[in-house]
Structure formats: C-alpha cells, structure tokens
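Below you'll find the structure, written out as structure tokens, and then a few comments.
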Amino acid sequence: MATYEDMDYQKYMGKAETDKALFTLKGILQGIAMDLIINESEIEELQNWISIHETYKHQSPFDELIPLISEAISDMVLEQDEIEDIIWVCDQFKDGKYYELTTLSLQLLQGIFHGLLADGVLSDVEIIKLQEWLESNADVLSGTYPFDEIYSLVTSVLKDGIITEDERNMLIAFMGDFIDCSESYNISQNEINVLKER
C-alpha cells in the first residue's frame with residue numbers, strides 16, 4: 001500500500017517554495033557566471049539542483065526548467081546565452097506574491113553565495129563582481145542581514161587593493177553560513193567550519 005508521502009499529490013511544490021527555488025537557482029547561475037568561467041564543479045551544482053527538484057518535473061515551472069538546464073549542461077559546457085535563457089524562464093514564472101521584494105532579493109543573494117562557492121574557489125574577480133552586485137542592490141537590501149555584513153566585509157577586503165588568503169577565507173566562511181550544504185554537491189559544511197575556526 002502506498003504511503004501518504006508516495007502519493008502523487010504529495011509531489012507538488014507550493015507557490016512560496018517555488019518562488020524560493022527560482023530565486024535560489026537564479027542566484028546560483030549569477031554566482032557561477034561572475035568570473036565568466038564555468039567549470040565542471042559548477043555544472044555539478046546545477047545537476048544537483050535538477051536532482052533535488054526531479055520530484056516536481058511534471059509541475060510548472062520545473063517541467064520547463066529541468067529539460068532546459070539538462071540540455072544546456074549535457075555537453076558539460078554552459079555558455080552565457082544558455083545562462084541568460086534559464087534566468088529568463090525563471091523570471092517568467094516568479095510570482096513574488098508570497099514574499100516581499102527584500103526577502104526575494106535575500107534569497108537571490110544566498111543563491112549567489114552558493115554559486116560563488118560551487119567550485120570551492122573564490123577568485124579576485126568574483127569578489128569584485130560581488131561588490132558590484134551588492135552596490136547595485138543596496139537600495140533594496142540596505143539595512144538587512146546578511147547584506148550589510150557582507151557588504152562591509154567585501155568593502156573592507158577590497159579597500160587596499162590586495163586580497164589576502166585570510167580575507168578570502170573569511171568571506172568564504174561568512175557566505176558558507178547562508179548555504180544549505182545538504183542541497184550542494186560540492187560545498188562541505190565541515191570545510192566551512194574549518195575556515196571559521198582559523
């Protein structure tokens with residue numbers, strides 16, 4: 001006999017959860033694209049996103065997004081135009097009725113953190129691009145946590161024009177606190193904890 005959890009009507013994601021999934025995906029894509037180099041580890045994170053949401057593959061918008069992402073990464077290469085196509089689909093379905101703009105923007109920021117750390121490397125270019133994103137979204141996110149904290153950290157790190165390994169690790173440790181490592185293929189909570197203890 002089928003259990004309650006196995007029944008088809010349980011394989012449905014509510015609108016609020018769908019919005020969160022879309023903004024997180026959009027953030028991951030923006031994060032992995034910040035250095036304009038998409039590597040295998042970052043593609044694995046997208047494969048993992050597909051696996052997590054496979055249960056909803058017959059539900060909109062996952063019925064469009066999952067095949068689109070699968071096709072885009074089938075050659076283990078993700079081009080900028082493919083990223084833009086996926087983000088465009090995300091934008092067509094996001095509702096925003098269930099979350100305020102600030103909350104959605106924070107979900108996007110957490111997705112960006114996830115994308116930036118997807119390959120275990122936080123490059124100088126990525127830190128600079130993150131600062132640009134933070135500056136362009138300050139009007140919406142200023143006064144919120146963790147926006148103010150990451151903005152202050154990034155500004156401080158870039159102030160002297162030199163990014164030390166300690167500073168890089170501090171940023172990784174901070175961002176790691178806002179990533180659900182259980183939904184990541186490559187990001188390890190243990191590794192984040194080690195950096196936090198340094």
When hydrophobic residues are tied together by side-chain contacts of less than 4.5 Å, even through go-betweens, does [X] share a cluster with [Y]?
X      : Y      : result
Ile87  : Leu36  : no
Ile128 : Val121 : no
Met170 : Val154 : yes
Tyr145 : Val140 : yes
Ile69  : Met76  : yes

With sequence neighbours left out, write down each residue that passes salt bridge (Lys or Arg N to Asp or Glu O under 4.0 Å) with Glu40, or none if nothing qualifies. none
For residues [X] and [Y], determine if any side-chain heavy atom of one lies less than 4.5 Å from a side-chain heavy atom of the other.
X      : Y      : value
Leu122 : Leu130 : no
Lys26  : Asp91  : yes
Leu25  : Ile86  : yes
Leu46  : Leu29  : yes
Ser123 : Leu116 : no
Glu45  : Ile32  : no
Arg168 : Ile127 : yes

Walk me through whether Trp88 and Gln92 qualify under side-chain contact (heavy atoms from CB on, under 4.5 Å). CA-CA 6 Å; Trp88 184 87; Gln92 303 316 299; 3.3 Å; yes
Please tell me whether Phe62 and Phe93 form a close aromatic pair, meaning their ring centres lie under 6.0 Å apart. no
Output for pair (Ile83 CD1, Gln80 CD), nearest 0.5 Å, gives 5.0 Å
As an exercise, state the distance from CG of Leu141 to CH2 of Trp133, rounded to the nearest 0.5 Å. 5.0 Å
Mind listing the closest non-hydrogen atom pair of Ile43 and Leu78 along with its distance? CD1-N, 4.2 Å
Classify the angle between the aromatic ring planes of Phe174 and Phe178 as parallel (below 30°), tilted (30 to 60°) or perpendicular (above 60°). tilted
Is Glu132 salt-bridged to Lys129, going by a charged N under 4.0 Å from an acidic O? yes
Carefully, step by step, assess Lys20 and Glu17 under the rule salt bridge (Lys or Arg N to Asp or Glu O under 4.0 Å). CA-CA 5 Å; Lys20 182 177 180 181; Glu17 292 80 10; over 6 Å; no
Check whether more than 12 heavy atoms from other residues, nucleotides or ligands sit under 6.0 Å from atom CD of Glu71, and answer yes or no. no
